[in-house]
Number of protein chains: 2
Amino acid sequence: MINPHWLQSFRALAEQGSFTRAADALGLTQAAVSQHVRFLEDQYGLLVVRKSRPLELTPIGQELLCYALELSEADARFQHRLNLSDSLEGEVSLITPGSSGLLIYPALLALQQQHPGLVIRHRFAPDQEVLQAVLNNQYELGLLTFAPQDKRLKAQAIAEEPLELVHPRGTRVKEWQDLVELGFIDHPDGRAMADKLLSRHFPGQPGAATLPSKGYSNQVSLLLEPVARGLGFTILPRYARQAFLRQDEIAVCQCQRPVVDTLWVIHRAEWPLPRRCQWVLDTMKNCLTH
Amino acid sequence: MINPHWLQSFRALAEQGSFTRAADALGLTQAAVSQHVRFLEDQYGLLVVRKSRPLELTPIGQELLCYALELSEADARFQHRLNLSDSLEGEVSLITPGSSGLLIYPALLALQQQHPGLVIRHRFAPDQEVLQAVLNNQYELGLLTFAPQDKRLKAQAIAEEPLELVHPRGTRVKEWQDLVELGFIDHPDGRAMADKLLSRHFPGQPGAATLPSKGYSNQVSLLLEPVARGLGFTILPRYARQAFLRQDEIAVCQCQRPVVDTLWVIHRAEWPLPRRCQWVLDTMKNCLTH
DNA sequence: GATTGATCATAATGATATATTATAAAGCCT
DNA sequence: AGGCTTTATAATATATCATTATGATCAATC
């Protein structure tokens, strides 16, 4: 790669049309500019015709100038991207489980409306995928229902989501047998949530894995549809249940001690978050705790 | 602009995934690479996560790598253009008077057919415009009917073109009065050529400026049309006259001593011609002298 | 056609930046 | 914990760069 000092001197020379003025413009001595240009000419051949005034570039000189301009454009682009990463403008990428995702979704939209320069890329995915995506740098922020062990991740609890057993209105879920008869409407994090809640309520019974499956969806918003139609029960966070429209067709099992999942925001620990990410994180925190 | 040594080290680091191997790849010591990356990090913040192996780039590190790649692309383009200017591929620009232009035109086309990579940009224009265009770097090569004075131009004679007085078949041009009655069909270099030839043949008479004009065209190939139709006489190089189809409708005044214009190739003197230009020039020379 | 003023080139020197060696620290594996 | 590999740091030698001083060239002017 060409010595940037020399190139800068050459550019100034081309722009100012004189060694002396180029030197002044750069805060160098004329001798320095003269040397720089000579070094370049040693390598590429004659660049500048000195006889004519204002100075004239040879064809090779023009190519070199063109190259120099390309470089400073690339430079400007880089600088711009740097500034972006330190401003509230630009993209924030976020990956969350469906349930809590639904909860914060309106808040994020409001945020975007307030700051037109801000773009939020939001993907819904089960816990394991959230974990991987953040580790692989595909998403900057992630929401998890458990605290990750990985040292490369920084996690902070930002909310609690009570788990609920939802069954069709009119059915009863007192005994383990009731659940077996109803059947389980599964979702990506379904078995994990079921294990957590059911082990508390039906201590002696086998795990959720033994429950017959009556359906599956990775769209949380669609999950209560089969429940409302009496096809089975499911277990999901309260936030997800509250988002369902026809509350009168479902029922929530009133448990004695609530089972609460903690929600964690995660991001890569090794480098500081871009300012706009930190800001979105803070906003989410506020939104979920109040 | 970013120090290119540091950037190069960073690029090697990103590619090799290790300080030691990056250093080996660059022929430096590991300490040097370590320093370089630290300098960059002093300026831009953390670039590389050292804990994980292979090494991982932070988001800023990725931006920087992207920038580094842009630079080396620009570099490659520049190198390519340099090589082009020293090869037979690429564009040769040529500006010539109409008459001699017609003469060499077929030769140039043949040249292009032989070398598909060669592109010839050829413009027809009167002497003064040729001069200016070459001086302004708009064309690399020019043909002139006189030797230019300008020191910025290098000129070499490559051919002679005899001037001819062409009049309609059946008319006679013995006396000055005959010319006045016929009238002059003018063209961009017409008056200059007329002065040259007529001052030889009609020494006592006033200059060509006093001849009545009967037409004008800057298309040399069209110039003899009005002459053939008896509208007047003209003065042009023999090459141009020979290209006319209906020779039986025109007549050439048989002069005792031929007036010969010398044709000069010109190009900027201050820098060496690109190789392909030199080659086209040599070809033209051959074509015009044989 | 010498003289003056302006511009650019060159050489020598001092200042700055860079690469290397040597060594310490950290991380990883058994 | 000990040995191995990898990275960081400090000190020193080297290379690069900018400056000053001076010489050369060219054009304008008297």
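It should be emphasised that the depicted structure is a prediction, and the values quoted were computed from it without experimental measurement.
Phosphate proximity of dT10(C) to Arg38(A): present, with a side-chain N or O under 4.0 Å from OP1 or OP2. Between dT16(D) and Asn3(A), no contact under 4.0 Å exists linking OP1 or OP2 to a side-chain N or O. Phosphate proximity of dT20(C) to Thr29(B): present, with a side-chain N or O under 4.0 Å from OP1 or OP2. Taking only side-chain nitrogens and oxygens, His36(B) comes nearer than 4.0 Å to OP1 or OP2 of dA19(C). Taking only side-chain nitrogens and oxygens, Ser34(A) comes nearer than 4.0 Å to OP1 or OP2 of dA9(C).
Per the geometry, CD belonging to Gln8(B) stands 14 Å off C1' belonging to dA19(C), to the nearest Å. Atom CZ of Arg21(A) and atom C1' of dA6(C) are 12 Å apart (whole Å). Residue Ile2(A) contributes atom CD1, which lies 17 Å from atom P of dT16(D) at whole-angstrom precision. When the C1' atom of dC17(D) is taken as reference, atom CG of Leu26(A) falls 14 Å away, rounded to whole Å. Rounding to whole angstrom units, CG of residue Asp24(A) and P of dT19(D) are separated by 11 Å. The CD atom of Glu41(A) sits 14 Å away from the C1' atom of dT10(C) (whole-angstrom rounding). Asp42(A) has its CG atom 13 Å from the C1' atom of dT10(C), to the nearest Å. Between Gln35(A) atom CD and dT20(D) atom P the separation is 13 Å, expressed in whole Å.
If you check the side chains of Ser72(B) and Arg11(B), you find a donor sitting under 3.5 Å from an acceptor. Looking only at atom types and distance, the side chain of Thr58(A) has no donor-acceptor partner in the side chain of Arg268(B) under 3.5 Å away.
Under the side-chain contact (heavy atoms from CB on, under 4.5 Å) rule, His122(A) has a single partner from Ile95(A), Leu108(A), Leu141(A), which is Leu108(A).
Relative orientation of the Phe78(A) and Tyr44(B) rings is perpendicular, given thresholds of 30° and 60° on the angle between their planes.
With dT20(D), dC17(D), dT7(D) as the choices, the nucleotide that has an atom nearest any side-chain atom of Phe19(B) turns out to be dT7(D). The side chain of Gln30(A) lies closest to dA9(C), out of dA9(C), dA8(D), dT20(C).
In this structure, Arg81(B) pairs ionically with Glu70(A), as a charged nitrogen and a carboxylate oxygen lie closer than 4.0 Å.
Residue-level contact check: Thr20(A) touches the backbone only, with heavy atoms under 4.0 Å from sugar-phosphate atoms and none from bases.
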